[in-house]
K.L.:
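This is the structure, below, for whatever I ask next.
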Number of protein chains: 2
Amino acid sequence: MPAPVTAPPRAPGRPRSARAEQAIQEAAIDLFVEQGFDAMSMEGVAARAGVGKTTIYRRWDSKEDLVMDAVGVCQLNTVVDPDTGSLREDLVRVLTAFQQTVRNTPLGHVFPRMVAEVAQGSDLGRLYASRMIEPRRRMLLSIVQRGVGRGELPLGADMELSLELIMGPVILRRLFGNAPARGNIARCGRHVDVVLAGLRDLGGR
Amino acid sequence: MPAPVTAPPRAPGRPRSARAEQAIQEAAIDLFVEQGFDAMSMEGVAARAGVGKTTIYRRWDSKEDLVMDAVGVCQLNTVVDPDTGSLREDLVRVLTAFQQTVRNTPLGHVFPRMVAEVAQGSDLGRLYASRMIEPRRRMLLSIVQRGVGRGELPLGADMELSLELIMGPVILRRLFGNAPARGNIARCGRHVDVVLAGLRDLGGR
DNA sequence: CCTATGCGATACGCAGCCGTTGCGTAACTA
DNA sequence: TAGTTACGCAACGGCTGCGTATCGCATAGG
C-alpha cells in the first residue's frame, strides 16, 4: 500500500516557522508602503516582524526578492467582474470598489508608489503593471465591450478613450485629491452617467 | 553725481561662474528625473556638471536645497490661459499644450516622480503642487467657469468632476500609457467633445 | 542522547553618500 | 605686484545599509 498522498516528506531538524514567514511579508509590505523601496531597510523589516535578519535571508536572497515576492502575494486580491447585465451598473460597481480599495486597504496605500515605479519602468513597476493594472484594464475593457454588444454604446466608440474617461478621474482623485473621500462614492454615479452620455452622443464619431 | 544705476558694485576676487551655476542646476534636474531624489548623489551632480562638489556647496546648503531650487527654476514656464472665447477651443489648446509639455520637455520628465512626491506629501511634493499643479488647476477652473457664464455648460455643472474628466485621461495616458503619443493630439478634440456633451446632457443634475 | 536544522541576537566587512576641509591654481581688483 | 575670492580635485569623518558569519538556544527525528 502506498503512503498517503498527503504524507509530509519531513526534512530532519527543526521546521521553518510559517508564522515568521508571514510576519516578514507583512512587515515588508508595511514598510514599503510607508517608506518606499529605497528608504525601507531589512533591519527595519526584521525589527517589525520580531525576527532576526538571518531568518529573512534564509528565505529570500535579497531585499528586492523579498519585496517582489511580498507584493506578489498581495495579489490574491482578485478582480471580480460584476457582470450585472447593465453597463452603467457594472461601471459604478467597479469604480466604487476601486475607490474603496485604493483608499482604505494596504493595496491602495502602495498605489502612488507603484505609479512612480510603473512610470519609471523598474522591475517592480513592471511586475505591478502586469499583475495589478493589466488584469483590471482587461476586465474594464470587456465590461465596456459587453455594453457595446448590448447597444448601450455605439459601435464605433473609442475604447482607449472610454477607459481613460472611466479610470482617469478616479485615479486623479487618489493621486492629487486632498479631500478624504467625502462624497466620492456618490460622485461615481454622476461620473459614469456623464461619460456614458458623452460617449453615446459622440462615441461613434 | 550719482553712480550709474547699472554700475556693478564689484566684489573683490574671482567672480562666481554663472556657467557653473547653470550647469549644476541642469545636472540636478537631469539626475532627479533619471534616478529620483534619494538615488541621485551630489557627486553625480558635480560629475555631470563638470564641477567640484565644493562649488555646489558654496551655493546651496544641502542636496534638498539644490533640488528644491532647481525644480523651482523650472517654473519660469508660465501658465497661459488661451481665452479664445470658446470653451471647447480653450480646453483643446490647454490639453494639447499639456500633452506636449508633459511628453517632450524636462518639465514633463519630472512629472511621474513628482506625482509620487505629491501623493506622499513630501516637501518637494508640496512645493510642486503649489507652484505647478495649483496654478494650472485654477486656470482650468476659470476656463470652465467662463464657459458656464457663456451658457456653454449648464449652471449646476459639478466643477470638481469636470476638471477631473478633463485632466484625468491625459494624466493617465502620461503615467501608464505605453504608446508614444501616437495620435494623442487628435484624440484631445474627441476627448473634449465627449466630456462637454456629457456635461451638457447631465451636468445640471 | 545524538544529530540536524531553525531561531534571534550581535558583530563584521564592505560600499556608498553627505557635507567638510585642505591644497594648488585661476580670475579679477587695486 | 599684492590681496581676495572662486575653482577643481582629492581626501576625510561620520553615517547608514546590505549581506555574511558566528553564537547559544530551541525544536525536531532516530
Side-chain angles (χ1 to χ4, degrees), chain A residues 3-4 6-71 122-124, chain B residues 3-4 6-28 30-70 122-124:
Chain A
T6 56
R10 266 285 202 187
R14 176 176 176 175
R16 289 189 180 171
S17 158
R19 194 178 153 189
E21 191 145 333
Q22 191 181 343
I24 293 169
Q25 286 179 322
E26 287 175 7
I29 289 288
D30 286 352
L31 291 181
F32 175 74
V33 169
E34 291 171 16
Q35 311 177 6
F37 183 83
D38 290 329
M40 71 186 279
S41 76
M42 292 299 261
E43 264 114 4
V45 174
R48 178 172 302 207
V51 146
K53 259 204 298 182
T54 326
T55 306
I56 302 182
Y57 280 104
R58 206 186 313 278
R59 293 167 163 80
W60 294 274
D61 285 340
S62 68
K63 183 177 169 183
E64 193 181 345
D65 264 32
L66 168 61
V67 175
M68 294 273 280
D69 190 48
V71 169
S122 68
D123 286 347
L124 209 54
Chain B
T6 57
R10 266 283 203 188
R14 177 176 175 175
R16 287 191 181 171
S17 158
R19 195 178 151 188
E21 191 144 333
Q22 191 182 343
I24 293 169
Q25 286 179 322
E26 286 175 6
D30 286 351
L31 291 181
F32 175 76
V33 169
E34 290 170 17
Q35 313 178 4
F37 182 83
D38 290 328
M40 71 186 281
S41 77
M42 293 298 262
E43 263 114 3
V45 174
R48 179 173 301 208
V51 148
K53 259 203 298 183
T54 328
T55 306
I56 302 182
Y57 281 104
R58 192 171 289 118
R59 293 168 163 81
W60 294 276
D61 284 340
S62 68
K63 184 177 167 182
E64 194 180 345
D65 263 33
L66 169 60
V67 174
M68 294 273 280
D69 190 49
S122 68
D123 286 348
L124 209 54

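Here is the naming used below: chain letters follow the sequence lines, and residue numbers restart at 1 for every chain. No experiment lies behind these values; they were computed from the predicted model shown.
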K.L.:
Return the CG to CD distance between A/Leu124 and A/Glu64, rounded to the nearest 0.5 Å.
P.N.:
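Result: 7.5 Å between the selected atoms.
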
K.L.:
Identify the pairs formed between an N or O of the protein and an N or O of nucleotides 22-25 of chain C at a distance under 3.5 Å, and give each distance.
P.N.:
none

K.L.:
Can you measure B/Trp60 atom CH2 to D/dA6 atom C1' for me and round it to whole angstrom units?
P.N.:
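One finds 14 Å between C1' of D/dA6 and CH2 of B/Trp60, rounded.
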
K.L.:
Does some side-chain heavy atom of B/Glu21 sit less than 4.5 Å from a side-chain heavy atom of B/Trp60?
P.N.:
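Yes, close enough: below the 4.5 Å cut-off.
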
K.L.:
Rounded to the nearest 0.5 Å, what's the gap from OG on A/Ser62 to CE on A/Met68? Could you check?
P.N.:
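Nearest 0.5 Å value for the OG-CE distance: 9.5 Å.
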
K.L.:
Got a list of side-chain donor-acceptor pairs under 3.5 Å for residues 35-44 of chain B, not counting sequence neighbours?
P.N.:
unit_1, atom_1, unit_2, atom_2, d
B/Ser41, OG, B/Gly44, N, 2.9
B/Glu43, OE2, B/Lys53, NZ, 3.0

K.L.:
Pick the closest DNA chain D nucleotide for B/Gly13 and for B/Gly52 by heavy atoms, then say which residue is nearer the 5' end.
P.N.:
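Per heavy-atom nearest nucleotide, the more 5' residue is B/Gly13.
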
K.L.:
Can you see which heavy atom on A/Thr55 is nearest to which on A/Ala20, and at what distance?
P.N.:
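Looks like CG2-CB, 4.4 Å.
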
K.L.:
So which atom in B/Gly52 and which in B/Ala46 form the shortest heavy-atom distance, rounded to 0.1 Å?
P.N.:
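So the two residues come closest at C-CB, 4.2 Å.
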
K.L.:
Expressed in angstrom and rounded to an integer, what is the separation of A/Arg59 atom CZ from C/dG8 atom C1'?
P.N.:
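These atoms are roughly 12 Å apart.
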
K.L.:
How does protein reach along nucleotides 12-18 of chain C, written 5' to 3' as B (base within reach of a heavy atom under 4.0 Å), S (only sugar-phosphate), or - (no contact)?
P.N.:
-----SB

K.L.:
Separation of B/Ile56 atom CD1 from D/dG8 atom C1', in whole Å?
P.N.:
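So the CD1-C1' distance, B/Ile56 to D/dG8, works out to 12 Å.
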
K.L.:
Taking all non-hydrogen atoms of both residues, which atom of A/Arg59 and which atom of A/Ser17 are closest, and how far apart?
P.N.:
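Residues A/Arg59 and A/Ser17, closest heavy atoms: NH2-O, 3.1 Å.
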
K.L.:
Can you check whether A/Arg58 has a side-chain N or O nearer than 4.0 Å to OP1 or OP2 of D/dG19?
P.N.:
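Answer no for this pair, as no side-chain N or O of A/Arg58 is under 4.0 Å from OP1 or OP2.
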
K.L.:
With sequence neighbours excluded, what pairs up with B/Arg48 under the salt bridge (Lys or Arg N to Asp or Glu O under 4.0 Å) test?
P.N.:
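Result, salt bridge (Lys or Arg N to Asp or Glu O under 4.0 Å) vs B/Arg48: B/Asp30, B/Glu34.
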
K.L.:
Would you give the length of the straight line joining atom CD1 of A/Ile24 to atom CG of A/Asp69, rounded to the nearest 0.5 angstrom?
P.N.:
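Atom-to-atom, A/Ile24:CD1 and A/Asp69:CG are 11.0 Å apart.
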
K.L.:
How would you list, by chain and number, every residue that makes a side-chain contact (heavy atoms from CB on, under 4.5 Å) with A/Glu26, sequence neighbours excluded?
P.N.:
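Result, side-chain contact (heavy atoms from CB on, under 4.5 Å) vs A/Glu26: A/Gln22.
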
K.L.:
Could you state the atom-to-atom distance from CG of A/Leu66 to C1' of D/dG19 in whole Å?
P.N.:
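In whole Å, D/dG19 C1' lies 13 Å from A/Leu66 CG.
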
K.L.:
With a 6.0 Å cut-off (strictly less than), is the heavy-atom count around CZ of A/Arg19, excluding the residue itself, greater than 12?
P.N.:
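No - once you tally the heavy atoms of other residues, nucleotides and ligands closer than 6.0 Å, there are 12 at most.
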
K.L.:
Can you list, in residue-number order, the parts of residues 16-24 of chain B that come under 4.0 Å of DNA chain C, counting heavy atoms only?
P.N.:
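Those residues whose heavy atoms fall under 4.0 Å from DNA chain C, taken from residues 16-24 of chain B, amount to none.
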
